[in-house]
*Asks:* 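The structure that follows is given in the form of structure tokens.
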Amino acid sequence: MANLVIVESPTKAKTIKKILGKDYEVTASMGHLRDLPRSTFGVDVEKGFEPHYINIIGKSELIKKLKEDAKKADKVYLATDPDREGEAISWHLAQLLEIDPAKECRIEVHEITPNAIKAAITQPRAIDISKFRAQEARRIIDRIVGYELSPLLWQKVMRGLSAGRVQSVAVKIIADREKEIEDFVPEEYWTITAKLNAKGKAAFAARLVKENGNKLDIKDADTAHKIEKELATAKFVVKEASVKPRKRHAVAPFTTSTMQQEANKQLNFNSKRTMSVAQQLFEGIALGEDTVGLITYMRTDSVRIADVAVKEIRQYVEANYGKEYLPEKPNFYATKKNAQDAHEAIRPTSIFNSPEKIGRYLTKEQLDLYKLIWKRTVASQMAEAVYEQTQLEITAGKYGLTASGSELKFDGYRKVSGKDADEEKSEVIPYIEPGTDLALNKLLPAEQHYTEPPAHYTEASLINKLEAEGIGRPSTYAPTIQTILFRNYVERSGKKLLITDLGIQVNDLLTKYFPNLIDLPFSAEMETDLDKIADGEMERNTVIEHFYQPFNKDMVVAKEEITQTPPHEEVSDVKCDVCGRMMVIKTGKFGKFLACPGFPECKNTKPIIVKINVHCPKCGGDILERRTKTGKNFYGCSNYPKCDFSTWDKPIDKKCSLCGSIMVERGVRGKKVTEKCSNPECPNGIKRRSKTAKAKKSE
């Protein structure tokens, strides 16, 4: 029989089979085939934390088929994902298929292109036992937390809860931020701006910043108005002036974390959606007759790009944008200290596959994410953007003002990446010689402000925080966020991640009784120790023991001291129409709902009715905010099913001036846009697009 290559997914298998041809059979393991049992602990703590692996239920036929294929094959290559998880899957495959893991049976596929696949086949290696042991240590520690702490939460708080090492830290981060916001006391301050100009020069704005050479903080209206009067008659003179070139370097190509953050900010993708689309781009897209992996492996913490790819990018930049956009030497980006740097950054497998060239083969979301990756990669190897920055220091009696601005002189990498986030705020300031008198065109009314609390976490900022603190790894961010949302410890409000009452209760319990589990430095140290196992610098059991000893002591105390504390239930103003009790607000898998407190005698439940004070355009009934079974908000008529009016967008109490249909608030990538007509046929209407619609073919 031909050689056998085993990968993880059928899509990847199909793409690689086309590349390798008739001498190779390529099949998929469909992920893990063996794991710890679901029904029992599966770890012998007394015997060196020995794990007990079993074949995963439902995969017996697949395992049987793989064994048959392996026996017939001349050579078996294990080509699971090139990370610790993939190494573990290969190790388990070797045990099942009776392959010596020390023999050259493992190949790494970092990009699914003909050159990469053919090169990988010629460079098989042994399974990296250190990497496998690192993944095994993580799995055992997660099992200890899940199987010992989760039942405690069931008994003391509510059945169905779960606890995990990384997810508990993520909940604490969000809970701490919520407390910061709640405790925040805003402080009043005022700002004063003057519009000035010199003879023959354009007017510009200068901000008041000093009094008698010291920083000026204006705390109240009386002080602001007093200063306004003094400035109205003051003589304005340029004290100091400077014009300096300022260069701005492009940002590094994407890691998993930065890709998830930018996709959330720019495309409004959550982390799960980002990784799903990235997986599709990695595993292969049919470009006409050829199926090609369009990006390199998408789970990475490295910003490194292979030399051959850098050379290709530089060729593309020079050919398409000109030699002035090409730096003298390739740009280099330093990888973070705690990064594994096992794989390249996320980049297109060929920079010549531009979004314009291949866009017609991609779905809209595939094209959107691919554009983001492609632009980031090209820009990372382009010349710096050059700005001319002008700064003026101005005196007005005892007061000092400052004016600063910048003007773009050479766009450099911005030719591809577009405007920088702060560019819109920058004003062009004319250079004026020191000693020049300035005319006061207008003194703008003093503005009152209040200091603002820190922002709520979004998926993007939470991922950034986890990465900055060294908590988790690229592959863990998306599932961690999905878990804390699914368990209702956290809920989404727009892009914000908000702690729930249940999340606060669980976090308070863990903070009191399991301080190490949710301590950020302790968790970061754990990640470092796992890295050391992978590098062969530490033993698996040493790391597990370091975690288990304090955790076990905390568990003993918690079981003795914690009394059952059912979640606080808010009483509603709605009577149960079965037994007459006042219903309470409960939280379930898909959000909040009303339930009778007489359960189990009375099992009556109702959805929470939220009126938005807008009448149905079809029948005049109240429009209500509702939820689908999957927890997504929509708006529908209170007279359903007699009236079938519904919309995903929030209706507002306004009619379209063109067709008379009801208007809605339309959210576009996290920004609210009002004044959109609910009628898709109206010129002012919302343009709908099928989920399966392909991107328009390039002309």
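These values consider heavy atoms only, across backbone and side chains, with no hydrogens, waters or symmetry-generated copies.
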*Asks:* For the residue pair Glu467 / Ser257, report whether a side-chain donor-acceptor contact shorter than 3.5 Å exists.
*Replies:* yes
*Asks:* Does any N or O in the side chain of Glu228 come within less than 3.5 Å of the main-chain N or O of Leu443, such that one atom is a donor and the other an acceptor?
*Replies:* no
*Asks:* Would you say that Thr193 contacts Leu208 through its side chain, given a criterion of any heavy-atom pair below 4.5 Å between the two side chains?
*Replies:* no
*Asks:* In terms of relative ring orientation, are Trp648 and Phe634 parallel, tilted or perpendicular, with 30° and 60° separating the classes?
*Replies:* perpendicular
*Asks:* Taking the side chain as every heavy atom from C-beta outward, state whether Asp622 and His615 have any atom pair closer than 4.5 Å.
*Replies:* yes
*Asks:* Between Lys650 and Ile612, is a side chain to side chain contact (heavy atoms under 4.5 Å, CB included) present by the stated rule, with each step listed?
*Replies:* CA-CA 9 Å; Lys650 186 176 181 179; Ile612 63 171; 4.1 Å; yes
*Asks:* Hey, does the side chain of Thr511 reach the backbone of Asn507 with a donor-acceptor pair shorter than 3.5 angstrom?
*Replies:* yes
*Asks:* Checking side chain to side chain contact (heavy atoms under 4.5 Å, CB included) for the pair Thr377/Ile305: CA distance, chi angles, key distance, verdict?
*Replies:* CA-CA 9 Å; Thr377 305; Ile305 292 181; 4.1 Å; yes
*Asks:* Looking at Asp307 and Lys311, is there a salt bridge between them, counting it only when a charged N and a carboxylate O are closer than 4.0 Å?
*Replies:* no
*Asks:* Is the backbone of Ala460 close enough, under 3.5 Å, to the side chain of Lys495 for a donor and an acceptor to pair up by distance?
*Replies:* no
*Asks:* Without swapping roles, check the side chain of Ser380 against the backbone of Pro253 for a donor-acceptor pair under 3.5 Å.
*Replies:* no
*Asks:* Do the side-chain N and O atoms of Gln260 and Thr256 include a donor-acceptor pair separated by under 3.5 angstrom?
*Replies:* no
*Asks:* Rounded to the nearest 0.5 Å, what's the gap from CD on Glu344 to CZ on Phe254? Could you check?
*Replies:* 15.5 Å
*Asks:* May I ask you to decide whether Lys201 forms a salt bridge with Glu433, counting only side-chain N to carboxylate O separations under 4.0 Å?
*Replies:* no
*Asks:* Can you tell me how far the CD atom of Glu427 sits from the OG1 atom of Thr390, to the nearest 0.5 Å?
*Replies:* 11.0 Å
*Asks:* Side chains of Val490 and Tyr457: closer than 4.5 Å at any heavy-atom pair?
*Replies:* no
*Asks:* Quick one: CD on Glu178 to OG1 on Thr500, what's the gap to the nearest 0.5 Å?
*Replies:* 10.0 Å
*Asks:* Any non-hydrogen side-chain atom of Ser661 less than 4.5 Å from a side-chain atom of Lys655?
*Replies:* no
*Asks:* Is it true that the side chains of Thr274 and Ser271 contain a donor and an acceptor less than 3.5 Å apart?
*Replies:* no
*Asks:* Can you measure from CD1 (Ile481) to CG (Asn270) and round to the nearest 0.5 angstrom?
*Replies:* 8.5 Å
*Asks:* From Met275 CE over to Phe269 CZ, what is the distance, rounded to the nearest 0.5 angstrom?
*Replies:* 13.0 Å
*Asks:* Out of Leu438, Val428, Asn441, which residue meets the side-chain contact (heavy atoms from CB on, under 4.5 Å) rule with Phe204?
*Replies:* Leu438
*Asks:* Are any of the side-chain nitrogens in Arg314 or Glu318 under 4.0 Å away from the carboxylate oxygens of its partner?
*Replies:* no
*Asks:* Is the shortest distance from a Lys or Arg side-chain nitrogen in Asp368 or Lys364 to a carboxylate oxygen in the other one below 4.0 Å?
*Replies:* yes
*Asks:* Between the main-chain N or O of Ile662 and the side-chain N or O of Ser678, is there a donor-acceptor pair closer than 3.5 Å?
*Replies:* yes
*Asks:* Which value, rounded to the nearest 0.5 Å, describes the distance between Lys210 atom NZ and Leu401 atom CG?
*Replies:* 11.0 Å
*Asks:* Could you check whether Lys265 pairs with Glu262 (Lys NZ or Arg NE/NH1/NH2 to Asp/Glu carboxylate O, under 4.0 Å)?
*Replies:* yes
